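What follows is one structure encoded as structure tokens, with my remarks underneath.
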Amino acid sequence: MSGLLTVEGGAPLQGEITVRGAKNFVSKAMVASLLGEEPSELRNVPEIRDVEVVSDLLRLHGVTVERDPEAGVIALDPSNVESAHVADIDAYAGSSRIPILFCGPLLHRLGEAFIPDLGGCRIGDRPIDYHLDILRKFGAVVDKRVQGIHITAPRGLTGTKIHLPYPSVGATEQTLLTAVRASGLTELSNAAIEPEITDLIAVLQKMGAIISVDTDRTIRIEGVDRLTGFRHTALSDRIEAGSWASAALATRGDIFVRGASQQDMMTFLNTFRKVGGAFDVRDDGIRFWHPGGDLSSIVLETDVHPGFMTDWQQPLVVALTQATGLSIVHETVYENRFGFTDALRGMGATIQIYRECLGGLECRFGQRNFYHSAVVSGPTPLKAAEIEVPDLRGGFSHLIAALTAEGTSRVRGIDIINRGYENFMDKLEALGARVTAGERKVAAA
Ligand code: EPU
């Protein structure tokens, strides 16, 4: 697919699309398969770039990975796990943040792990200090080298007590994937409790792990000697569902998102309703639409689960440019997630960003010079523009903005959107979008 998309905006998105398994769960469940001594099978797997990257990394470590993309099934056989060549792993430097989660399983299986420079979206510093501290607490030895980080466990891994400075999703997963086969008990306090983590715990329990979750964000893990494989159907991607819902709102459209789940989207649905969006929860998905009339401005703060996800923020901000009045958005998860608003301003949106914590409590980024609050004044008609996609969610937001704007926009660098949005070109076509990728005319309204 070309990295350039020509978008003729101004028409509502209407129709039905399907959302499959969550990007931020599927990759972790694939890594979990490394811990088992038997094959595993994961279903409802989307065809996205992150799944390809993790499949390749698993293959480098001797795992047999068989994919049936259409059926959404991946079979993983970790019987012959082996050390990969550093140069081979290094070829994946910068492609994903998942390699850091290979550490615990590889230390259990092979006694060593190597981590290249990590990738992921540029939405803040995205350090890995929590991960390395956790591994050290389990008894691992971390050796930072020029090419990357080499980690060993000369005396094995032993359960421990960990308190996270912040309920980090990745650090919680790191703890789970390491503790399940460490000797003895592990207690993790201030853990993240996102639905994707609950589903990872379900997978680990199927494999034979003993894990309990308290209401106060404390997770206790009793290490076991061996784990089996698992068969599991991934929970659906609530970020993708929320992104299409925001696209329906911004373009005054009507989209049925097959596979969207109310349970995991309650906070989003409350906000969507407050802005003025309509939705109807059905057994097989959720219909989202713009009911006509004006949208309302809101005060919004992103937060860890059960708060409003940071990944929903960028698509929703595009819809907020169409709401009447001043909306205030306080981003408390990442310090630098408003870069995408530059392009929206270029398209006619009125958005100011501030260093102060606006509209809510002080967060970790207050008084630290991070532009992490935004004030959106609307409604402002958006006009077509030349746009360069900055990151995954920001990129999808630019796409929504281009679809909302009157006129023809050119969006460059759209390949990045494949990292997390399955077949998004086909979905745009199904929704009647007037878009052209490279020379291919996808649909005409
Ligand atoms: N943090 C640290 N040190 C660490 C780890 C995290 O300071 O060692 C900080 C981060 O800089 C950030 C905060 O803790 O400010 C939260 O980060 P978290 O560890 O929760 O994020 P993550 O595990 O790296 C996952 C998703 C993100 C999603 C966040 C929050 C994956 C592969 N990525 O990232 O998804 O935004 O949780 O829910 O699961 C996306 O899908 O576009 C995306 C960025």
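Small disclaimer: the values here were computed from a predicted structure and weren't measured. Just follow the structure's listing: the first ligand is 1, and inside any ligand the first atom is 1. In this chain, numbering begins with 1 at the start of the sequence shown.
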Roughly how far apart are T18 OG1 and F256 CZ, rounded to 0.5 Å?
8.0 Å
Yes or no on side-chain contact (heavy atoms from CB on, under 4.5 Å) for L344 and H398, after CA distance, side-chain angles and deciding distance?
CA-CA 7 Å; L344 298 187; H398 289 166; 4.3 Å; yes
Any heavy atom of E196 closer to ligand 1 than 4.0 angstrom?
no
Taking heavy atoms and a distance under 4.0 Å, where does Y130 meet ligand 1: side chain, backbone, both or neither?
both
Below 4.0 angstrom, N of the basic side chain to O of the carboxylate: do R238 and E196 qualify?
yes
Provide the number and element of each atom of ligand 1 under 4.0 Å from a heavy atom of G170.
19 (O), 23 (O)
Would E41 and R43 pass as an ion pair if we require N to O under 4.0 Å?
yes
State whether the shortest distance between N or O atoms of V333 and N or O atoms of ligand 1 falls below 3.5 angstrom.
yes
Are R337 and E331 close enough, and set up right, to give a salt bridge (charged side-chain N to carboxylate O under 4.0 Å, His left out), and what steps lead you there?
CA-CA 7 Å; R337 217 170 192 185; E331 169 61 61; 5.3 Å; no
Identify, by atom number and element, the atoms of ligand 1 in contact range of T310, meaning under 4.0 Å from any of its heavy atoms.
36 (O)
Is ligand 1 under 4.0 Å from a heavy atom in the side chain of K23, in the backbone, in both, or in neither?
side chain
Check: K28 N/O within less than 3.5 Å of ligand 1 N/O
yes
Measure the shortest side-chain to side-chain distance between F308 and N270 over non-hydrogen atoms and say whether it is less than 4.5 angstrom.
no
Would you check whether R337 reaches within less than 4.0 Å of ligand 1, judged by its heavy atoms?
yes
In this structure, is the centre-to-centre distance between the rings of W244 and F396 below 6.0 Å?
yes
Which ligand 1 atoms are under 4.0 Å away from a heavy-atom of Y166?
13 (C), 14 (O), 16 (C)
So if I count the atoms of ligand 1 from 1 in the order they appear, which ones are less than 4.0 Å from some heavy atom of I128?
8 (O)
What atoms in ligand 1 come closer than 4.0 Å to a heavy atom of H131?
8 (O)
From the list Y334, Y354, F365, ring pair (Phe, Tyr, Trp, His ring centres under 6.0 Å) with H372 holds only for F365
Under 4.0 Å from any heavy atom of R97, which atoms of ligand 1 are there?
24 (O)
Any idea how W312 and F268 line up, ring-wise: parallel (<30°), tilted (30 to 60°), or perpendicular (>60°)?
tilted
Who gets closest to atom 10 (C) of ligand 1 by heavy atom: W312, F25, Y334?
Y334
Could an N or O of ligand 1 be found under 3.5 Å from any N or O of S168, whether backbone or side chain?
yes
Are any of the heavy atoms in P127 under 4.0 Å away from ligand 1?
yes
Should R364 be listed as contacting ligand 1, given a heavy-atom distance under 4.0 Å as the test?
yes
Give the numbers and elements of all ligand 1 atoms closer than 4.0 Å to a heavy atom of L392.
42 (O)
Please confirm whether V169 comes within less than 3.5 Å of ligand 1 when only nitrogen or oxygen atoms on both sides are compared.
yes
State plainly whether the residues R368 and E335 are in salt-bridge range, i.e. N to O under 4.0 Å.
no
Decide, yes or no, whether a salt bridge links R258 with D284 under the criterion of side-chain N to carboxylate O below 4.0 Å.
yes
